[in-house]
Structure formats: structure tokens, C-alpha cells
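Structure first, commentary second.
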Amino acid sequence: MARKHLLVMLLLLTGACSAEPAAPSPSPRSPLKPPTLVNEVVPPQDVLTVVRDVIDARTVEFADGTKVRVASLAEPKACFAEASLSFARSTLLASSVRFTGLEIGVVDLELENGTDYAVLAVQQGALKPEGVESGPLINARDEAAAARRGLWGPPCEGSDTSKPAPTTTTTTSAPPPPPPTTTTTTPPPPAKACAASYRITGQWQGGFQASVTVRNTGTAAVNGWSLQWAFSNGESVREMWDASGRQYGSSVSAANMSYNRQIAAGKSVQFGFNGNSRGRPVPPGAFSLNGVKCAVE
């Protein structure tokens with residue numbers, strides 16, 4: 001009997017050893033994400049920097065050496081290229097600006113006082129808009145054209161090249177009658193849209209104090225302003241009030257504060273500063289407001 005039980009146990013053990021193990025249950029796996037060679041780059045937004053160089057009226061170089069083009073502005077016209085470059089340099093060179101990247105090498109540019117540079121350039125007739133059919137740039141273009149401002153006046157008259165002088169045709173069949181006696185008068189120069197006065201109100205050894213008044217002599221309000229001038233005797237701005245001052249070499253710019261951003265037609269704003277001087281301070285002989293030359297009072 002014991003032998004029979006031993007035989008049964010051997011048979012059971014043999015079956016257990018020869019049985020195939022149960023297949024493990026499949027474990028859940030997350031699907032693999034295929035690799036990509038495309039890097040998602042977020043363009044810079046509202047970055048504050050300084051313009052180190054101006055290549056042309058729509059192309060600038062920032063302090064870090066990056067060169068960018070301002071969006072929505074057409075290439076400078078040949079007949080106004082020098083004047084538009086002068087406008088861009090007086091407005092942007094050594095100035096703090098904010099930019100927002102739209103694509104590689106193309107940005108929207110804003111002056112430190114919040115003025116859109118592209119709108120300002122078109123409004124002053126330095127450049128034409130490109131790639132837009134409505135909005136502030138078109139309104140600025142129409143305003144400049146109506147006022148014959150910048151490239152909308154002589155010598156360009158709105159074209160890409162200078163307008164040739166009109167030609168006259170003479171006939172040889174009969175001598176022309178003698179011309180009537182006329183008196184020609186030289187038209188007065190166009191009125192300036194702004195006027196600036198600079199007064200030295202105090203002076204001491206190695207320093208001085210000055211007061212500057214900016215008057216809007218145009219017919220439209222100025223919303224956001226930046227006044228530029230250049231020192232001629234080594235002066236420098238030390239501290240400024242009622243305006244935000246910056247200096248690069250001898251060039252100085254004073255931008256509005258939040259509370260005096262607007263200058264209504266016929267109205268004025270005033271700011272002052274303390275400065276350093278090596279000798280007797282000399283008042284500047286020229287000023288420009290938002291890139292437009294002012295009369296000096």
C-alpha cells in the first residue's frame with residue numbers, strides 16, 4: 001500500500017515539473033513619442049535694449065550685435081535715403097527701445113516713451129508702409145502725403161526717384177513774344193512743427209543747471225515725445241527731472257514721463273536737469289522733436 005502511494009506521488013511530481021509555466025500578463029506600456037528635429041523657439045517679447053547702430057531707416061543693430069529689420073516698412077527710397085537715414089539715427093541711435101520678435105530678424109520696434117517707430121517713420125514721411133492695407137500705418141501715410149511731408153514733398157513727390165524738372169518746347173517758325181515783366185518772390189520756409197528754448201539757470205565750478213521748454217507749434221497734438229540735441233563743449237547730463245534723459249557721446253535725448261506724454265497744439269512742456277561741464281556751458285544750437293527739426297527760441 002505504501003508503495004502504491006509512493007508511485008502516485010512520483011507521478012504527480014513529474015507532471016508538475018513538465019507543465020509549462022503560465023504566460024505573464026502583458027504590462028501596460030506608454031506609446032513611444034517619435035523624435036523630432038524641429039525646435040520650438042518662442043520669439044522674444046517686449047525686450048528692452050539699446051540701439052548701437054543704424055544701418056538704414058528700417059534696419060538697426062542692437063547692443064548685443066544682433067541686426068534686425070523693422071516690420072511693415074518698405075525699403076528706403078533712393079531719392080530720400082540720406083534724409084530717412086538721418087531721421088532714423090536722430091530717433092534711434094544710442095536710444096533705449098523695446099522690441100517684439102515676429103520672425104527671425106524681423107521685429108516690431110517701440111521707443112522708450114511707447115511710440116511705435118514704424119508709425120512715426122511713416123508719419124514723418126521717412127519711409128512708406130509695406131504689406132498692410134489698413135490701420136495706423138496707412139493713416140500715418142495718408143497724413144504725411146496730405147502734408148507733403150518728407151518723401152511726399154520735393155524732390156521725391158511720393159515717387160521712388162527724384163522728379164525731373166519740366167521740359168519746355170520752343171518753336172523756330174516765329175520768334176516768341178517778349179515775356180511779360182514779372183516779379184518773383186521767394187516763398188517763406190515752411191513753419192516748424194515745434195519750438196525749443198534752452199536756458200542755463202545756474203552755474204558753478206564744474207557744473208550747471210538748465211531748463212528746457214518744448215512747444216508744439218503744429219495743429220495736431222503730440223502723443224509721446226522725445227527731444228534730441230547735441231552738446232558742443234563737453235557737457236554731460238547728471239540728473240534730469242520731468243523727463244527721462246539718456247546721453248551717448250555728445251548726443252542727448254529727453255523723453256516724456258507718463259504724466260506729460262501729450263503736448264496739445266499750441267501748448268508746451270518743460271523739464272530741467274543738472275549737468276557737468278569742463279568750462280563754460282554752451283546752449284545747443286539745434287533740437288529735434290520725434291525726429292523733426294524744431295525752431296530755436
Side-chain angles (χ1 to χ4, degrees), residues 48-54 60 63 86-98 109-115 117 120 124 189 191-297:
L48 181 65
T49 187
V50 174
V51 175
R52 185 170 73 179
D53 193 15
V54 176
V60 300
S86 177
F87 161 80
R89 284 179 173 168
S90 65
T91 305
L92 298 175
L93 190 61
S95 297
S96 295
V97 296
R98 292 187 179 275
L109 197 65
E110 190 176 272
L111 304 183
E112 190 176 16
N113 61 14
T115 301
Y117 171 72
L120 177 63
Q124 298 304 323
K192 301 287 187 180
C194 56
S197 63
Y198 182 102
R199 302 286 183 268
I200 296 175
T201 57
Q203 189 173 348
W204 55 90
Q205 182 66 33
F208 67 100
Q209 186 176 94
S211 174
V212 184
T213 302
V214 185
R215 187 161 57 91
N216 180 3
T217 57
T219 58
V222 175
N223 291 301
W225 52 268
S226 177
L227 186 73
Q228 295 87 31
W229 72 87
F231 286 128
S232 60
N233 200 30
E235 300 92 340
S236 62
V237 174
R238 189 171 65 195
E239 55 188 358
M240 186 175 289
W241 52 90
D242 293 331
S244 175
R246 289 188 177 276
Q247 183 168 351
Y248 184 81
S250 62
S251 299
V252 182
S253 66
N256 65 269
M257 307 296 286
S258 59
Y259 53 82
N260 61 0
R261 175 184 176 86
Q262 185 177 88
I263 312 177
K267 301 298 182 180
S268 62
V269 295
Q270 188 177 53
F271 63 91
F273 66 91
N274 290 329
N276 299 322
S277 61
R278 300 172 185 172
R280 183 179 182 85
V282 178
F287 297 87
S288 61
L289 182 68
N290 293 346
V292 179
K293 289 185 179 180
C294 297
V296 180
E297 298 181 331

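In this chain, residues are counted from 1 in sequence order.
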TODO: Give a yes or no on whether the backbone of Gly249 and the side-chain of Gln247 come within a donor-acceptor separation of less than 3.5 Å.
DONE: yes
Open item on the list: A side-chain contact here means heavy atoms from C-beta on lying under 4.5 Å apart; do Gln270 and Asp242 qualify?
Closed with: no
Open item on the list: Strictly distance-based, threshold 3.5 Å: is any side-chain N or O of Asn256 a donor or acceptor partner for the main-chain N or O of Trp225?
Closed with: yes
- [ ] Verify whether one side chain among Glu112 and Ser95 offers a donor that lies under 3.5 Å from an acceptor in the other.
- [x] no
Task: Trp241 CH2 to Met257 CE distance, which is reported to the nearest 0.5 Å - done: 13.0 Å
- [ ] Would you give the length of the straight line joining atom CZ of Arg238 to atom CG of Asn274, rounded to the nearest 0.5 angstrom?
- [x] 5.5 Å
Task: Interatomic spacing from CD in Glu110 to OH in Tyr117 - rounded to 0.5 Å - done: 14.0 Å
Task: Taking every non-hydrogen atom, the tightest pair across Thr201 and Ser211 - done: CG2-CB, 3.9 Å
Open item on the list: With a 4.5 Å cut-off on side-chain heavy atoms, are Val51 and Tyr248 touching?
Closed with: no
- [ ] Could you tell me how the ring of Tyr198 sits relative to the ring of Phe231: parallel (under 30°), tilted (30 to 60°) or perpendicular (over 60°)?
- [x] perpendicular
Task: Asn216 and Lys267: CA distance, side-chain angles, deciding distance, side-chain contact (heavy atoms from CB on, under 4.5 Å) verdict - done: CA-CA 6 Å; Asn216 180 3; Lys267 301 298 182 180; 5.8 Å; no
Open item on the list: Closer than 3.5 angstrom, by distance alone: can the side chain of Ser288 be matched with the main-chain N or O of Lys293 as a donor-acceptor pair?
Closed with: no
Task: Beyond-backbone contact of Leu92 with Leu111, side-chain heavy atoms, under 4.5 angstrom - done: yes
- [ ] Please report the shortest heavy-atom distance between Asn276 and Phe208, naming the atom on each side.
- [x] O-CE2, 3.6 Å
Task: Distance-minimising heavy-atom pair for Ser226 and Asn113 - done: N-ND2, 3.8 Å
Open item on the list: Is a donor from one side chain sitting under 3.5 angstrom from an acceptor on the other, for Gln228 and Ser253?
Closed with: no
Task: Contact summary for Val296 and Ala286, nearest pair of heavy atoms - done: CG2-CA, 4.2 Å
Open item on the list: I'd like to know if the side chain of Asn290 reaches the main chain of Gly224, judged simply by a donor and an acceptor atom lying under 3.5 Å from each other, with no hydrogens or angles considered.
Closed with: yes
Task: Check: Ser277 main-chain N/O paired with Asn233 side-chain donor or acceptor under 3.5 Å - done: no
- [ ] Output yes when a side-chain donor or acceptor of Thr91 lies under 3.5 Å from a complementary backbone atom of Ala88, and no otherwise.
- [x] no
Task: Val50 backbone acceptor or donor facing Ser96 side chain under 3.5 Å - done: no
Open item on the list: To the nearest 0.5 Å, what is the distance between CG on Leu289 and CD on Gln124?
Closed with: 8.5 Å
Task: Separation of Ser250 OG from Glu235 CD (nearest 0.5 Å) - done: 9.5 Å
- [ ] For the pair Phe271 and Trp229, name the ring-plane relationship: parallel under 30°, tilted 30 to 60°, perpendicular over 60°.
- [x] parallel
TODO: Might you point out which heavy atoms bring Ala230 and Pro284 nearest each other, and give the distance in Å?
DONE: O-CB, 3.8 Å
Task: Ala254 versus Met240, closest heavy-atom pair with distance - done: CB-SD, 3.8 Å
